[in-house]
Each structure stands twice: as C-alpha cells, then as structure tokens.
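Input: a single structure, listed below in structure tokens.
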Amino acid sequence: MYQKQQQVHQHLTTAHLAQTMTLLSMTAEELGEKIASELAANPALELLDERRCPGCGRSLHPREICPNCSRPKQPESQDPIVFISPRDDFFTGTSMPVEERPEDNLSAATEDLPTYVLRQIAPELANQDRALAAFILTHLDEDGLLTITPLEVAQYHHILPSRVQNIIQMIQHADPIGVGSANSQEAMLIQLESLEESGTIPTLARKVVTDCMSLLSRHQYAMIAHQIHEPIKLVEEAAHFIGANLNPFPGRSHWGDTRDNVKVSDRTYHRPDIIINHLNNNIHEPLVVEIIMPLAGTLRVDPLFRSAIKDVKQDKIEDWKSDVERASLFVKCLQQRNHTMERLLARVVVLQKDFIDNGEGSLKPVTRASLAKELEVHESTISRAVANKAIQLPSGRIIPFSKFFDRSLHIRTALQQIISREKENLSDTELAELLKKEGYFVARRTVAKYRAMEGILPAHLRQKHPSKQ
DNA sequence: CTATGGCACGGATT
DNA sequence: AATCCGTGCCATAG
C-alpha cells in the first residue's frame with residue numbers, strides 16, 4: 001500500500017506539488033468550491049455518480065461507506081479507521097429553503113448565518129428535522145437571537161414542543177455558540193457552559209448572568225454585589241470575564257460587527273473539516289476518523305471526452321488536450337491530497353489518542369516537524385494540511401487542528417490543575433516553582449501568560465476553593 | 001517591596 | 001522568510 005504510494009511520489013512533477021499544496025491547505029468548504037469551479041470550467045472533467053471503495057474496490061452508492069473496509073481488520077485492534085467521507089449534502093445544504101428574507105442584512109457576509117449553522121448540524125439531523133431546523137433558523141434576528149418561541153414553532157408545525165427544544169439545543173451549541181437562544185441571557189449561559197467544559201470560569205459568573213443581567217449591562221457592579229451578597233471584587237472579576245469571553249449577540253461574533261466586538265482569538269470555532277468519533281460511541285472501540293470531502297461520487301477524466309479528441313478539428317485539438325491534461329492533473333492532485341490527509345490523520349490520531357479521549361491534559365507535544373519526518377514529507381506539507389482546519393472530537397467540541405500541535409497546552413492544563421487543587425492563592429513565582437517540580441520548566445513570566453490564556457485571574461483577585469461561599 | 005502586565009528581543013517553528 | 005513563543009527588563013499597582 002505505502003510502497004505503491006511512494007512510487008506515486010516519485011512521479012510527481014513540480015506542477016503536481018504546487019497544486020497538491022494548494023489543495024492541501026484548503027478547508028473542506030473551499031475545496032468544495034474549487035472542485036465545483038473546476039468542474040464547471042473544464043469539460044474534460046467528469047463527476048461520476050458511482051464510487052468505488054478505495055480499499056476493496058467494490059462499487060458503492062454515492063454516500064455509502066464501505067461496510068467491509070470501514071470495519072477494523074482485527075476487532076481487537078486499536079488502530080483508528082481513517083477514511084475520506086463524501087458529504088456533498090453537508091455543504092450544499094439541500095434542505096435549506098431558498099427564500100430570502102428582505103431584512104436579511106447578513107447576506108453581505110460570505111454566507112448567511114442560517115445556512116452556516118444549518119450546515120454544521122445537518123449531518124446529525126433526520127431529514128424531517130432538517131426542514132424544521134431550517135424553519136427555525138429563518139427566524140433569527142441580526143443578533144442571532146430567536147424571534148419566535150419554541151411553542152409557536154411547535155404549534156405551527158403541529159409537533160411536540162420537546163422535539164423543537166431538541167433542535168434548538170443543537171442550534172445553540174453550534175458555532176457561534178448560543179445562536180438561536182431566546183435572549184442574550186440564555187445565549188450567555190450556554191456560552192458559559194461550553195467554556196466551563198474547557199476551563200475554569202469565575203465562580204460568580206453564572207450567578208451574575210442569571211440574576212443580574214440588567215445591572216450587568218449597566219456596569220453597576222456595586223449594586224450587583226449588594227443584591228447577591230458577594231464581595232464586589234468577585235463581582236468585578238466575573239464581570240471582567242464575562243465582558244472578555246461572552247457574547248450577548250451570538251450572531252455578531254463571526255459576522256464582523258465592529259461595535260460590540262468580541263475577541264475571536266482562540267474562541268473562534270469553525271465548521272469541521274474532520275470528524276472523529278468512536279465506533280458505536282463506545283470509548284473502547286477504535287476511533288473512526290472522517291475526512292470531510294465535499295463531493296459524492298468519483299471525479300475523473302471523462303473517457304468520452306478523451307476518446308473524442310481524435311475527431312476534433314486540428315485548430316481545437318490543442319485546447320482539448322490541455323483540458324484533459326488539466327483534468328487529470330487535478331484528479332491526481334486531489335488523490336494525493338486525500339492520501340496525505342489520511343496518512344497524517346492516521347498518525348496524529350494514534351499519537352494523540354489520549355488527548356482525544358481524556359481532554360487537554362493528555363496532549364502530547366508533537367511538532368509538525370517531527371511528523372513530517374515520520375511521514376517522509378516536507379514540513380510545509382504538514383503545516384498546510386493543518387492550517388485553517390477544524391476537527392470535531394467525539395465530545396462534539398470543534399477545535400482547530402493546530403491544537404494537536406500545541407506545545408504548551410499540557411503545561412497550561414497542569415497549571416490549571418495546580419491552581420484548582422491548591423487552596424492558597426499562589427503567586428506566579430510560586431506557581432512556577434510547583435510546575436518545575438512536576439517537570440515543567442517555565443519562567444515566572446510565562447506562568448503569567450499561561451494564566452492569561454486560560455482566563456485565570458491574578459492571585460490576589462482569585463478566590464480558591466468555593467469553601468467560604 | 002512584591003506581584004503583574006507591557007514591550008520587545010532572540011530563538012525556535014512553520 | 002515570516003511568525004510564534006518564551007523570557008527578561010521595566011513601569012506600575014497594590
């Protein structure tokens with residue numbers, strides 16, 4: 001298998017390499033556009049409805065996954081299953097109504113918000129529910145909040161409110177998190193929940209959002225402190241955190257509203273390019289890794305076109321030849337890209353299995369360079385493959401692929417643990433000492449930076465164990 | 001005086 | 001070659 005591919009490597013021309021690189025660095029979505037445009041521009045390129053399993057070669061329906069090859073060879077084996085997952089519907093959003101709302105001022109953005117959200121959740125929805133989700137999503141205002149109540153939706157469609165609730169919940173947990181909530185408060189609570197999964201949040205944050213929204217928006221911290229009988233410092237701390245990390249208007253986080261800007265540095269979530277799951281959602285089963293391919297069917301050079309070349313007039317024949325050339329180059333590059341992605345993912349998933357299962361503490365510091373060496377490809381290949389891509393973990397979280405190569409994440413989580421474990425408020429210097437004992441060599445200044453990254457406040461503003469509450 | 005955050009520099013990584 | 005990251009030094013806050 002690999003030997004075969006290595007031969008392919010040898011045959012690569014510079015054109016191959018250049019285009020493969022470009023394809024590699026593209027998001028699944030961008031790839032979809034690229035393929036579509038290539039398909040439209042080049043008559044020699046053909047999209048065949050039929051697919052053949054890359055493993056065993058038997059023919060498959062457009063979206064079918066080969067039942068033989070997607071099963072591990074030895075059931076015992078912990079080897080991950082990695083395959084290219086064709087999902088054209090995932091991106092074309094076929095169930096999305098085409099009606100445009102007149103007041104839709106989001107259309108200036110690259111893609112409107114409802115479509116964006118629907119694409120994320122569509123794969124997990126039954127077909128009837130997609131239409132329902134689409135309906136709900138058309139009733140978002142420009143802030144990403146819902147303009148109708150779940151009850152109205154249920155009545156309108158004559159279905160159970162609980163079903164509507166379920167769908168709304170899925171919408172709310174899609175990116176931007178909190179979208180589809182009834183009001184800002186609900187949206188922020190959901191964002192808090194999701195932040196809580198990945199790190200610590202100030203103890204009062206939830207309470208403040210729940211009970212004192214109106215005061216909070218007017219920055220009347222003293223009043224809040226009085227009302228909930230808490231020290232004002234803690235309230236300010238919570239408010240600070242809220243201001244920095246939560247967005248009352250989820251519809252604006254991605255859609256370039258400058259007025260109420262939110263930090264989108266490390267909180268930027270994308271639609272996944274790769275989805276990782278456990279077989280049967282059982283943590284003991286091997287991992288299944290889907291590399292999203294925005295295309296169903298087989299892309300190939302149209303054999304009819306190729307054979308028709310000899311009947312073409314002399315003056316046009318050059319054009320036709322170059323079309324065929326382009327098409328075949330494109331197909332090869334695409335295959336090359338997918339193959340590289342498969343190998344990369346197969347290796348990364350093995351290395352970072354603990355991280356995938358157990359979360360951030362178990363992340364191993366892997367550099368792109370080391371992987372490049374293992375896979376015998378150029379470093380820039382890995383870089384491009386990783387850049388701008390998003391991975392969905394079994395937990396449902398969507399994280400940037402680059403997080404798999406974060407050199408400091410494990411130290412940061414160690415830091416988090418120390419802080420949450422120890423009961424005294426430790427200064428940065430002391431924290432640095434403790435980390436050194438655990439084998440993490442970091443300077444005091446660096447501890448401060450990690451703290452900031454994790455949203456942990458300085459020692460004197462922090463309050464440890466919720467012992468005295 | 002101690003603890004932190006800002007700025008900026010150098011080395012590693014991409 | 002460009003970028004990111006850890007770190008040292010310094011100003012400032014408590």
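We name chains A, B, ... by the order of the sequence lines, and we start the count at 1 in each one. The figures here come from the full heavy-atom set of this structure, side chains too, leaving out hydrogens, waters and symmetry mates.
Sequence order on DNA chain C of the closest nucleotides to A:Asp406 and A:His460 puts A:Asp406 first from the 5' end. With DNA chain B read from its 5' end, the first of the two nearest nucleotides for A:Ser427 and A:Lys449 is the one closest to A:Ser427. Nearest-nucleotide assignment on DNA chain C puts the 5′-proximal partner with A:Ser408, out of A:Ser408 and A:Lys233. Place A:Asp428 and A:Phe405 on DNA chain B by their nearest nucleotides, and A:Asp428 ends up nearer the 5' end.
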Test A:Leu426 against A:Ile419 for side chain to side chain contact (heavy atoms under 4.5 Å, CB included), laying out the working first.
CA-CA 7 Å; A:Leu426 300 162; A:Ile419 290 180; 5.8 Å; no

Would you sort out whether A:Phe401 and A:Asp273 count as a side chain to side chain contact (heavy atoms under 4.5 Å, CB included), showing the intermediate values?
CA-CA 9 Å; A:Phe401 195 1; A:Asp273 299 291; over 6 Å; no

Hey, mind stepping through A:Leu145 and A:Ser184 against side chain to side chain contact (heavy atoms under 4.5 Å, CB included) and telling me if it holds?
CA-CA 7 Å; A:Leu145 300 177; A:Ser184 290; 4.0 Å; yes

Side chain to side chain contact (heavy atoms under 4.5 Å, CB included) evaluation trace for A:Leu45 with A:Val331
CA-CA 9 Å; A:Leu45 209 60; A:Val331 171; 3.9 Å; yes

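Minimum atom distance to the side chain of A:Arg445 is reached by C:dT7, of the listed B:dT4, C:dT7, B:dT13. Side-chain atoms of A:Ala443 lie closest to C:dG8 of the nucleotides C:dG8, B:dG5, B:dT14.
Rounded to a whole Å, the NZ atom of A:Lys436 is 17 Å from the P atom of C:dG6. Here the C1' atom of nucleotide B:dA12 and the CD atom of A:Glu379 are 11 Å apart, to the nearest Å. As a whole-Å value, the separation of A:Leu461 CG from B:dT4 P is 9 Å. Rounded to whole angstrom, the span from the CD atom of A:Glu430 across to the C1' atom of B:dT4 amounts to 14 Å. Atom CG in A:Leu431 sits about 15 Å away from atom P in C:dT7, given to the nearest Å. Spacing between atom CG of A:Leu435 and atom P of C:dT7 amounts to 11 Å, rounded to whole angstrom units. If you take CZ of A:Arg444 and P of C:dG6, they are 14 Å apart, rounded to a whole angstrom. In this structure, A:Phe441 places its CZ atom 17 Å from P of B:dA12, rounding to the nearest Å.
A salt bridge is defined here as a Lys NZ or Arg NE, NH1 or NH2 lying under 4.0 Å from an Asp or Glu carboxylate O, and A:Lys34 with A:Glu30 fails to meet this definition.
Between A:Tyr450 and the phosphate of C:dC5, there is no side-chain N or O to OP1/OP2 separation shorter than 4.0 Å. For A:Ser380, no side-chain nitrogen or oxygen approaches OP1 or OP2 of B:dT14 to under 4.0 Å.
Here A:Val442 lies in heavy-atom contact (under 4.0 Å) with sugar-phosphate atoms only.
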